[in-house]
Structures are given as structure tokens and as C-alpha cells.
Amino acid sequence: MGASCDWSRERFTMDEGLSEAVRKVFVQLYEEGLIYRGSYIINWCPRCHTALADLEVEHEELDGNLYHIRYPFPDGSGGIVVATTRPETMLGDTAVAVNPDDERYQNIGTDQVLLPLVNKFIPIIKDKYVDAAFGTGALKVTPAHDPNDFEIAERHNLPSVKVIGNDGKMTSEAGEFEGLDRFECRKAVVAALKKEGFLEKIDPYRHSVGHCYRCKTIVEPNLSRQWFVKVKPLAEKAIVAVKNGKTRIIPEMWNNTYFDWMNNIKDWCISRQIWWGHQIPAWTCTACQTVTAAMETPEKCPHCGENELVQETDVLDTWFSSALWPFSTMGWPDDTKLLNLFYPTSVLVTGFDILFFWVARMMMMGIHFMGNVPFRDVYVHALVRDEEGKKMSKSKGNVIDPLNIIEKYGTDAFRFTLAAFAAQGRDIKMSEKRVEGYRHFVNKLWNAARFSLMHLDEGYAKIASDNLSLPDRWILSRLKRLTDNVSETLDSYRFNDTAAALYKFVWHEFCDWYLEAVKPILYGKKGEESRKATQSVLWHVLRNTIILLHPFMPFVTEEIWHKMPGTEGSIMVAAFPSDDFCDPKIVLDPKAESEMELIMEIITGFRNIRGEMNIAPSLALAASVQSQDEKTRATIQQNSDLITTLAGLKAFSVEQPGERPKAVATAVINGATIFASLEGIIDFTKETERLDREIKKLTSEISGVLKKLNNDDFLNKAPEEVVLKVREKYESLVEKQQKLELNLEKIKEIEA
RNA sequence: GGGCGGGUAGCUCAGUUGGGAGAGCAUCGGCCUUACAAGCCGAGGGUCACAGGUUCAAGCCCUGUUCCGCCUACCA
């Protein structure tokens with residue numbers, strides 16, 4: 001929002017400087033023992049031919065089967081039944097595990113079973129990991145193709161047999177099944193087991209299956225040699241930084257997600273077997289097998305002195321270099337001015353789906369290498385979903401192309417819609433109807449500006465101090481409130497509140513009331529002095545309004561800015577209206593607000609009567625207002641022209657309460673009763689119905705208020721100002737009701 | 001399995017120290033009023049998912065139930 005990007009600083013992680021940062025980080029972490037290489041079970045994508053970090057695996061629930069396979073005892077009898085969703089992996093089994101407390105397997109007289117098809121003996125081991133309540137309580141152990149089995153195998157020193165190769169095809173260890181694709185092999189193994197009588201049964205079974213986040217291929221847990229970052233020590237500091245508020249996550253609800261992931265973090269597999277990326281700066285000496293990590297290619301092996309060094313061919317996970325972004329982009333590892341000026345950065349804006357991939361890792365690396373957090377605030381924005389609330393994805397085909405929306409409704413309308421939708425902590429269900437609504441708003445602003453500019457032929461350095469009309473003083477006060485509101489809601493990332501405030505001000509205050517109210521003045525009907533005064537107000541209000549709107553509607557506001565007299569340069573660099581820049585006349589003016597409120601209520605009262613009595617707007621009415629209060633009468637009198645114009649009256653008088661005029665429709669507002677003369681056109685039945693409706697409404701409101709006032713507990717325990725407020729409300733409601741009832745009686749008299 | 005968010009007007013959603021239920025769109029009635037018919041004026045419409053509890057007072061706080069969505073997890 002409102003950011004002005006310096007595109008000359010655009011960077012790419014493969015740039016020279018950033019590559020140096022990557023090397024530096026790798027070497028340092030390696031020397032600190034936080035990067036290591038080893039043979040572990042990792043997620044492998046057989047299509048991309050590369051290792052994947054845990055994060056890069058997407059799990060999805062799929063319908064599968066649970067195959068129950070009997071592993072006979074050495075003498076060929078009975079045996080132990082195991083259950084698996086992946087029967088092809090049995091070829092790589094090196095044990096069967098049971099829970100040590102499981103009585104079923106206490107005295108079975110053997111510690112081995114025969115692995116069918118492979119025809120070799122494998123041990124029965126006891127491990128607490130096994131859940132005795134699941135299936136038969138016996139678990140087949142395939143260390144090379146299952147992460148849990150791998151851990152069990154480590155505990156029991158079991159060998160690993162890799163039966164599925166990196167290409168997803170069966171290896172020579174799979175014997176007769178060699179060369180088969182892993183899924184073809186599943187069918188073949190099942191058929192063979194069935195034929196030889198080892199398949200007990202097949203149950204349908206729904207379970208979650210990991211897929212490669214790039215190509216959606218089913219991931220194969222695979223044993224291979226990879227590079228890892230020991231993240232635990234890094235994560236601990238990143239947790240503390242959020243706990244003690246050095247970095248704030250907004251909205252706060254994401255804290256839990258962040259902590260949860262950080263607390264359960266596992267080592268990060270950073271090596272990738274793809275052709276692009278930062279090549280790992282590590283060399284293996286073919287003579288002594290020692291590994292050396294270095295910034296520059298070593299001349300010879302620092303251990304044995306031979307120059308038979310071979311660089312690691314693997315490259316680094318792209319997120320490894322991305323994690324350095326907040327400081328690598330500003331010249332690190334050099335100590336630059338940029339770093340000193342801008343690190344830590346003020347705010348990172350991002351989607352929740354990137355919280356782990358990127359934010360968490362930037363936190364860890366920033367704290368470790370810069371000694372400080374990379375950003376003060378992390379604003380997690382909403383995700384735009386489709387109309388049914390589903391996450392957009394190319395494979396689902398439910399992607400809404402922003403360019404299409406922009407083509408149809410315009411950039412400003414689209415942008416404003418997104419802001420208006422961006423309530424904290426909630427995702428956005430994209431609705432074209434909403435965009436259309438805000439396009440109308442853009443249009444409204446444009447027309448309002450067009451009208452304003454018709455009446456502005458110069459810039460006004462200052463707002464006139466004399467001759468201001470009530471609407472002038474009112475709109476200035478409203479502008480002040482708006483300005484404060486916009487500043488506050490932007491500071492607290494409540495963009496939807498900002499959008500709503502701007503919308504309401506522009507449409508329902510500036511356009512609906514102010515512009516209509518000052519038209520006579522602008523047309524010169526109140527003299528040149530008044531016209532000048534109002535023009536100065538109009539100029540400032542329009543100017544400040546479009547500046548406030550600019551971050552939300554950059555194009556229209558820029559266009560208006562250039563058409564406006566007395567502006568310079570681009571609105572992009574105009575000072576944002578705040579206390580410092582405001583004209584001293586732009587202040588809160590509660591008196592003007594309450595006076596204008598009174599006038600608006602009177603006008604609405606007349607319009608209401610007109611609407612409900614079906615009186616054509618072209619028919620001007622004679623009308624009057626009665627009020628007990630002298631000040632009220634004075635205010636109304638001073639603004640009688642305004643009322644006459646906006647309510648469509650031909651005659652208007654202000655009086656003390658007295659005789660009720662004949663043949664009138666009535667409405668009661670705070671402190672005053674208004675009468676619209678309907679001589680000759682009044683429909684008494686209609687008017688009676690109208691008043692009845694109003695009285696009924698008041699009756700129910702009064703009963704609600706009365707409930708409180710009759711409650712001693714409320715009177716005693718509620719704060720004084722609340723009680724006072726309720727009392728005042730009660731009094732004004734009763735007054736209104738009494739006046740309406742009086743009028744109703746009069747009508748009934750006339751009718752009779 | 002764990003965690004998070006949600007259920008408010010016909011639809012999409014606001015509602016931040018608990019004290020007057022709101023907006024946009026849609027609906028109904030009336031208007032070409034000299035910026036705007038992409039508009040103007042007016043109207044109708046809600047036991048705030050359900051059941052309890054705290055409180056003088058609950059859409060908002062607590063407990064439970066239910067439905068929906070998302071994230072996360074090593075139950076074969």
C-alpha cells in the first residue's frame with residue numbers, strides 16, 4: 001500500500017553478490033557444525049530426480065488398500081500377518097516388528113519369519129513404536145523406503161535394502177521384479193503373493209500420500225546421501241524473537257502456527273539434484289575422502305595435500321538463498337551503508353503459505369548472521385480464493401486471472417476491492433459483484449471531481465476564515481475525522497476499515513450532502529464572498545481526499561490530481577495529510593457537526609414524508625418546523641435556504657410550538673416537529689398508517705429501554721454515563737412518541 | 001490425531017477494551033433534480049449456528065454440541 005519501489009535495486013538470488021553471500025553462509029554453517037552430509041531417508045521425486053525438503057511434500061488423502069500379508073514361520077507353518085499400503089516394498093523388508101508388551105507375540109517359539117517371494121529369513125524384533133492395537137500388531141520394516149522404518153532400523157542395527165531406484169523403477173535387489181515401475185510392481189507382487197497363498201486379505205483404506213509440490217508426482221521415501229542444516233539451534237532464537245516481540249506477526253493468530261512449526265522442526269535437507277541453482281561449495285578429496293567447504297575452489301586438499309578435489313555436483317535448495325534475502329540484497333557480507341540504514345527492515349508482507357518456506361528461514365538466518373531480526377512486522381495478508389472459497393490452483397482450473405478482472409473493471413476498482421476485502425485473519429472469496437460495486441465508486445469519485453473542477457479555477461493556498469457556511473465547517477470537521485481514521489487504520493494494518501471509511505466519506509458525506517448543499521453557493525447565489533470561501537474549502541477537501549485515496553486508487557486519483565489547479569508533480573510524492581500538513585482550518589468542529597446533523601435530519605424527514613406519501617419530487621411543498629428550543633430554531637432559521645433546496649420546498653417557516661397546521665404530514669426529530677403541507681393532496685388513510693407504523697416502532701424501542709431503567713441492578717451497577725445515556729434516550733423516544741400520537745389524534749379528528 | 005479460522009439481512013461480508021445490529025449487491029416504491037440512470041430520493045428485511053454459564057447488560061467473555069474451511073502430522 002503506497003509503497004514506492006526503487007526498481008534500480010531489483011535483485012535475483014543468482015546475482016554475483018548474492019551468490020557470494022550464499023557461499024559465505026554455507027561455509028560458516030559447515031564450520032560451525034550446523035551443516036552436515038549423511039545418508040538418511042529423504043523425500044525423493046522420481047520425476048524431478050531430486051531430493052525434497054519435508055515442506056516441499058504435499059499430503060493428500062487418497063483411496064488405497066491395506067494389504068494383509070502372511071510371513072510364515074521358518075518351518076513354513078502359520079506365521080505373522082502384517083498389513084501394508086505398499087506391498088511392493090516388502091521386497092526390501094529386513095525385519096518384522098512387534099510391540100514388546102504385545103502378549104500375542106510373547107511365546108511364539110521363533111525369532112524369525114520367512115520373507116515371501118524373496119525367500120529369505122528376517123528377524124522378528126520388538127520396538128515400542130509399534131501400535132499393538134493397529135491391525136495384527138505386527139509391522140513390516142523397510143528401512144530404505146519408509147522414514148519410520150528407517151528409524152527403527154537404526155535402533156536395531158538392521159540392514160537397508162533399496163529395492164526402488166531413483167527413477168522409480170525396481171532395482172536388482174527386487175529380483176524377478178527388477179525394472180518394473182513401482183506401481184506396476186505393486187500389481188505383480190500382489191498377484192504373486194496371491195498365487196503362492198501369502199495374501200490374507202485386501203481392505204479398502206483411505207490414507208494420506210505425499211506428492212511433489214512442483215510436479216505432483218507421488219514422492220518416494222528414499223535412502224540417499226544428502227546435505228542437511230541442523231535447524232534446531234537456529235529455530236530456538238527465531239522463536240524467542242517472536243515471543244519477546246522483536247518481530248511481530250500480524251494478525252497474531254499466526255503466532256501459534258509459527259511456534260508449532262518451529263518447535264517441531266526437523267533438519268532441513270538442502271541439497272537438490274537439479275541442473276540449476278547454487279552449486280554446493282564443498283569438495284571431496286578422492287585421495288583421502290575428506291570434505292572441504294570453502295569460499296573459493298581450493299588448490300589442493302588441506303588434509304592430505306593432494307590436488308584431487310571434486311566439487312559436489314548437488315545444488316542448494318532455492319529457499320536457502322532466499323533465506324538470506326533481507327541482508328544479501330543489501331550487500332552482505334560487506335558492511336554496507338544500505339545494511340546499516342535498512343536492516344532490520346520495517347515490514348514484510350506475505351501470504352501464510354510462505355510462512356515456513358521463507359519467513360521462518362529468513363528469521364533464522366537473519367538472527368544468526370546479522371545478530372538481529374530481519375523485520376519488525378510480518379503482515380500476513382489474506383489469500384484470494386475462488387467464489388466457493390477454494391484455493392486457486394492451475395490443476396483445479398479455478399484460477400481467476402487478475403488481468404481479466406482489471407480488463408473488465410479497471411485496476412483501481414480491483415485494487416480497492418482487495419483492500420476492502422482484506423479483513424485481518426480472513427481469506428478473500430473473490431466476488432466479481434463486489435468489484436463491480438467498487439467500479440461504480442471509482443466512477444462516482446470521477447464525476448464528483450469533474451463537478452468540483454467545474455467550479456475551481458485556481459489553487460487555494462489557504463482556506464478562507466470568513467464566510468464559511470455550515471456545510472463548509474461540517475465537511476472540514478468530517479475530513480479531519482477521516483484523516484485521523486485513515487492514519488490509524490493504516491498503521492494497524494486494518495485496510496478494510498480504511499477502505500470503508502474512505503468510501504463512506506466520499507460517497508455519503510462529500511457527494512450526497514456537501515456537494516448538494518453548496519451548489520447554490522458555487523452557482524453564485526450567495527454572493528462572491530461566500531463563493532470564494534466555499535471554493536477554498538472544496539479545493540482542500542478534494543485535494544486531501546484524493547491523496548488519502550491514492551494508495552487504494554492510484555490511477556484515477558493521479559488523473560484528477562493533474563487536472564486540478566494548483567497541484568504540482570505527481571500525487572505519488574504529495575505529502576500525506578496529517579496534523580503537520582493540514583490547513584489549521586481542518587479541525588474537529590463538534591458544533592458544526594451537531595448543527596449539520598439537525599439540518600440533515602430535518603431534510604431527511606421531509607424526504608421521508610415525500611417518499612412514503614408518493615409525492616412527486618417536482619412538486620414543491622410548503623412546510624414548517626416547530627421547536628421549543630430557541631437555539632434550535634436559530635440554527636434552523638439560519639439554514640432555511642439549505643433545507644428549502646434539499647427538501648424541495650416552496651415555503652418554509654420556523655415557529656415556536658403552537659397550533660398544528662391543517663392538512664399536513666408530520667415527522668418528529670430530536671427537538672423539533674416538522675410539518676409538510678399537503679393541502680388538497682393529503683391521503684389521511686396513508687398518513688394514519690404512516691404515523692401508526694412510526695409509533696409502533698417507538699413503542700418497541702421504549703419498552704427495551706424501559707426494561708433497563710426499571711432494573712435497580714442496572715441503575716446501581718452500570719457506569720453513570722451509560723445510565724445517563726439510556727435516560728436521555730428514553731426521554732427523547734417518549735417525547736417523539738407523544739408528539740406523533742398528538743398528530744395522529746388530530747388527523748382522526750379531522751377525518752371524523 | 002493435533003492446531004487455527006468461520007457459521008450475523010436473499011448473497012458476499014464488516015462489527016478491537018461487553019452497553020444503540022451495519023455495509024455493498026440483490027429486492028420493493030418514486031424520480032431524466034443543470035457531476036453522475038455505472039445515478040438520485042425513500043422503504044422493507046436478521047431468536048447474530050445450537051445449548052448452557054458469567055454479568056445489571058453478551059454477536060462480542062467461558063464451557064459443551066454441531067456443521068464448514070484451512071494448516072499440520074511418522075499410525076503401517
Side-chain angles (χ1 to χ4, degrees), chain A residues 54 59 66-67 82-86 89 97 129-131 133-142 146-151 205 207-208 221 251 253-254 256-257 259-261 264 352-353 355-356 383 385 387-391 417 420-421 423-431 433-434 436-455 492 494 496-497 500 503-504 508 511-512 515-516 519 523 604 607-618 645-648 693 701 704-705 707-708 711-719 721-723 725-726 729:
Chain A
D54 295 341
H59 292 274
L66 199 54
Y67 300 86
V82 297
T84 180
T85 54
R86 306 189 56 207
T89 62
Y129 169 77
V130 182
D131 179 3
F134 188 90
T136 59
L139 171 71
K140 62 188 272 309
V141 181
T142 322
D146 183 285
N148 298 311
D149 294 4
F150 178 79
E151 282 176 25
Y205 191 69
H207 61 126
S208 99
M253 67 178 196
W254 292 108
N256 279 340
T257 309
F259 291 140
D260 191 56
W261 190 71
N264 299 311
F352 78 89
D353 49 347
L355 204 57
F356 306 139
L383 209 67
R385 298 174 182 277
E387 235 148 335
E388 280 153 21
K390 299 229 165 65
K391 200 168 161 177
T417 307
F421 263 127
Q424 269 186 27
R426 293 193 62 152
D427 281 340
I428 295 171
K429 272 195 263 179
M430 199 57 214
S431 148
K433 271 278 166 216
R434 259 323 254 278
E436 195 181 349
Y438 288 119
R439 181 180 63 169
H440 295 171
F441 178 55
V442 178
N443 195 244
K444 185 74 179 177
L445 175 72
W446 175 251
N447 280 312
R450 213 158 51 90
F451 172 77
S452 302
L453 294 175
M454 279 166 48
H455 297 278
S492 48
R494 282 148 50 208
N496 61 318
D497 288 336
Y503 185 99
K504 192 176 174 213
H508 298 301
C511 291
D512 285 354
L515 289 183
E516 294 303 328
K519 268 179 185 175
Y523 283 116
T604 303
R607 286 172 173 175
N608 188 310
I609 290 171
R610 212 184 260 287
E612 294 192 14
M613 303 294 280
N614 278 335
I615 297 161
S618 49
T645 311
L646 294 184
R693 257 203 320 271
E701 270 194 79
V705 174
K707 229 187 193 164
K708 290 186 178 179
N711 183 344
D712 284 341
D713 282 329
F714 172 72
L715 299 176
N716 295 330
K717 294 180 181 172
E721 70 261 27
V722 173
V723 176
K725 226 170 147 184
V726 173
K729 171 142 195 186

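A quick note: this is a predicted structure, and the numbers were derived from the prediction, not measured. Numbered from 1 within each chain, the chains take letters A, B, ... in sequence-line order.
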Any donor and acceptor pair, going by atom type alone, linking the side chain of R610(A) with main-chain N or O of A616(A) inside 3.5 Å?
-> yes
Non-neighbouring partners of E701(A) that pass side chain to side chain donor-acceptor pair (under 3.5 Å), sequence neighbours left out = none
Starting at CD1 of I615(A) and ending at C1' of G30(B), how long is that distance when rounded to a whole Å?
-> 11 Å
Report which part of the nucleic acid D131(A) touches: base, sugar-phosphate, or nothing (heavy-atom distance under 4.0 Å, all strands).
-> base
Using whole Å, report how far CG of D712(A) lies from P of A57(B).
-> 13 Å
Considering only heavy side-chain atoms of F352(A), the closest of C71(B), G39(B), U33(B) is C71(B)
Mind calculating the distance between CE (M454(A)) and C1' (C36(B)) to the nearest angstrom?
-> 11 Å
Note: for H440(A) and K717(A) on RNA chain B, the residue whose nearest nucleotide lies more 5' is H440(A)
Classify the nucleic acid contact of H455(A) as base, sugar-phosphate or nothing, counting any heavy atom under 4.0 Å across all strands shown.
-> nothing
Looking at NE2 of H207(A) and NE2 of H59(A), how far apart are the two atoms once the value is rounded to the nearest 0.5 Å?
-> 12.5 Å
How would you label the contact of A500(A) with the nucleic acid (heavy atoms, under 4.0 Å): base, sugar-phosphate, or nothing?
-> nothing
With sequence neighbours left out, the residues meeting ring-ring contact (aromatic ring centres under 6.0 Å, His included) with Y523(A) are H455(A)
Taken to the nearest whole Å, CZ/R450(A) to P/G39(B) is 14 Å
Distance in angstrom units between N716(A) CG and U55(B) P, rounded = 16 Å
Among the nucleotides C74(B), G19(B), A35(B), whichever has the atom closest to the side chain of L515(A) is A35(B)
Euclidean distance for P, C11(B) against G53(B) (whole angstrom) | 31 Å
Applying ring-ring contact (aromatic ring centres under 6.0 Å, His included), name anything that partners F356(A), two or more places apart in sequence or on another chain.
-> W261(A)
If you measure from NZ on K708(A) to NZ on K725(A), what distance do you get to the nearest 0.5 Å?
-> 9.5 Å
Backbone of A420(A) reached by a side-chain donor or acceptor of N496(A) within 3.5 Å | no
Sticking with atom P, work out how far A26(B) lies from G39(B), rounded to a whole angstrom.
-> 9 Å
Identify, with sequence neighbours excluded, every residue that meets ring-ring contact (aromatic ring centres under 6.0 Å, His included) alongside Y438(A).
-> F416(A), Y503(A)
Winner on side-chain proximity to T84(A), out of A76(B), C74(B), A35(B), is A76(B)
Partners passing salt bridge (Lys or Arg N to Asp or Glu O under 4.0 Å) against D497(A) (at least two apart in sequence or in another chain) = R494(A)
Which value, in whole Å, describes the distance between the C1' atoms of nucleotides A58(B) and U47(B)?
-> 14 Å
Minimum-distance nucleotide to F451(A) side chain [options: A35(B), C56(B), C71(B)] | A35(B)
Indicate the atoms forming the closest heavy-atom contact of V141(A) with A97(A), along with that distance.
-> CG2-CB, 3.8 Å
Tell me, please, which residues at least two apart from N711(A) pass side chain to side chain donor-acceptor pair (under 3.5 Å).
-> none
Scan Y67(A) against the nucleic acid and name what it touches under 4.0 Å (heavy atoms): base, sugar-phosphate only, or nothing.
-> nothing
Contacts of type ring-ring contact (aromatic ring centres under 6.0 Å, His included), residue W446(A), not counting sequence neighbours | none
Detail all sub-3.5 Å separations between protein N/O atoms and N/O atoms belonging to nucleotides 13-18 of chain B.
residue	atom	partner	partner atom	Å
C13(B)	OP2	K429(A)	NZ	2.7
A14(B)	OP1	R426(A)	NE	2.6
A14(B)	OP1	R426(A)	NH1	3.4
A14(B)	OP2	R426(A)	NE	3.4
A14(B)	OP2	R426(A)	NH1	2.3
U16(B)	N3	R494(A)	NE	3.2
U16(B)	O4	R494(A)	NE	2.2
U16(B)	O4	R494(A)	NH2	2.7
U16(B)	O4	D497(A)	OD2	2.8

For D713(A), what residues pass the side chain to side chain donor-acceptor pair (under 3.5 Å) criterion, not counting sequence neighbours?
-> none
When we call it a touch if two heavy atoms are under 4.0 Å apart, what does Y503(A) touch: a base, just sugar-phosphate, or nothing?
-> sugar-phosphate
Between A35(B), A38(B), A76(B), spot the one nearest the side chain of L139(A), thanks.
-> A76(B)
Whenever both distances are under 3.5 Å in a Watson-Crick or G-U wobble pair, mark it; put RNA chain B into dot-bracket that way, with [ ] for crossing pairs and | when the partner is on another strand.
-> ((((((((.[[[[.)...(..]]]].(((((.......))))).....[[[[[..)....]]]]])))))))....
Between G39(B) atom P and W446(A) atom CH2, what is the distance in whole Å?
-> 17 Å
Closest-nucleotide ordering on RNA chain B, the 5'-leading residue of A133(A) and D54(A) = D54(A)
OP1, OP2 of C25(B) versus side-chain N and O of Y438(A): anything below 4.0 Å?
-> no
Using whole Å, report how far CE of M253(A) lies from C1' of G3(B).
-> 12 Å
Any idea which of C36(B), C56(B), A76(B) is nearest the A718(A) side chain?
-> C56(B)
Can you check whether K708(A) has a side-chain N or O nearer than 4.0 Å to OP1 or OP2 of G20(B)?
-> yes
What nucleotide, of C4(B), G30(B), C74(B), holds the atom closest to the side chain of P617(A)?
-> G30(B)
N/O-N/O pairs, protein side and nucleotides 40-43 of chain B side, under 3.5 Å:
residue	atom	partner	partner atom	Å
C40(B)	OP1	K444(A)	NZ	2.8
C40(B)	OP1	W507(A)	NE1	2.7
A43(B)	OP1	N608(A)	ND2	3.1

Residue-phosphate contact under 4.0 Å: H508(A) side-chain N/O, G24(B) OP1/OP2 = yes
Measure from NZ on K504(A) to P on G24(B) and round the result to the nearest Å.
-> 10 Å
Rounded distance in Å between the C1' positions of G6(B) and C13(B) = 12 Å
Do the side-chain N or O atoms of H207(A) get closer than 4.0 angstrom to the phosphate oxygens (OP1, OP2) of C75(B)?
-> no
Across the strands shown, which category fits V726(A) at heavy-atom distances under 4.0 angstrom: base, sugar-phosphate, nothing?
-> nothing
Which part of the nucleic acid, if any, lies within reach of K729(A) when heavy atoms closer than 4.0 Å are counted: base, sugar-phosphate only, or nothing?
-> sugar-phosphate
Rounding to 0.5 Å, atoms CG (L139(A)) and CG (D131(A)) come to a distance of 10.0 Å
Under 4.0 Å between any heavy atoms, over every strand shown, what does N443(A) touch: base, sugar-phosphate, or nothing? Just pick one.
-> base
Using the test side chain to side chain donor-acceptor pair (under 3.5 Å), find all partners of T89(A) that sit at least two apart in sequence or belong to another chain.
-> K140(A)
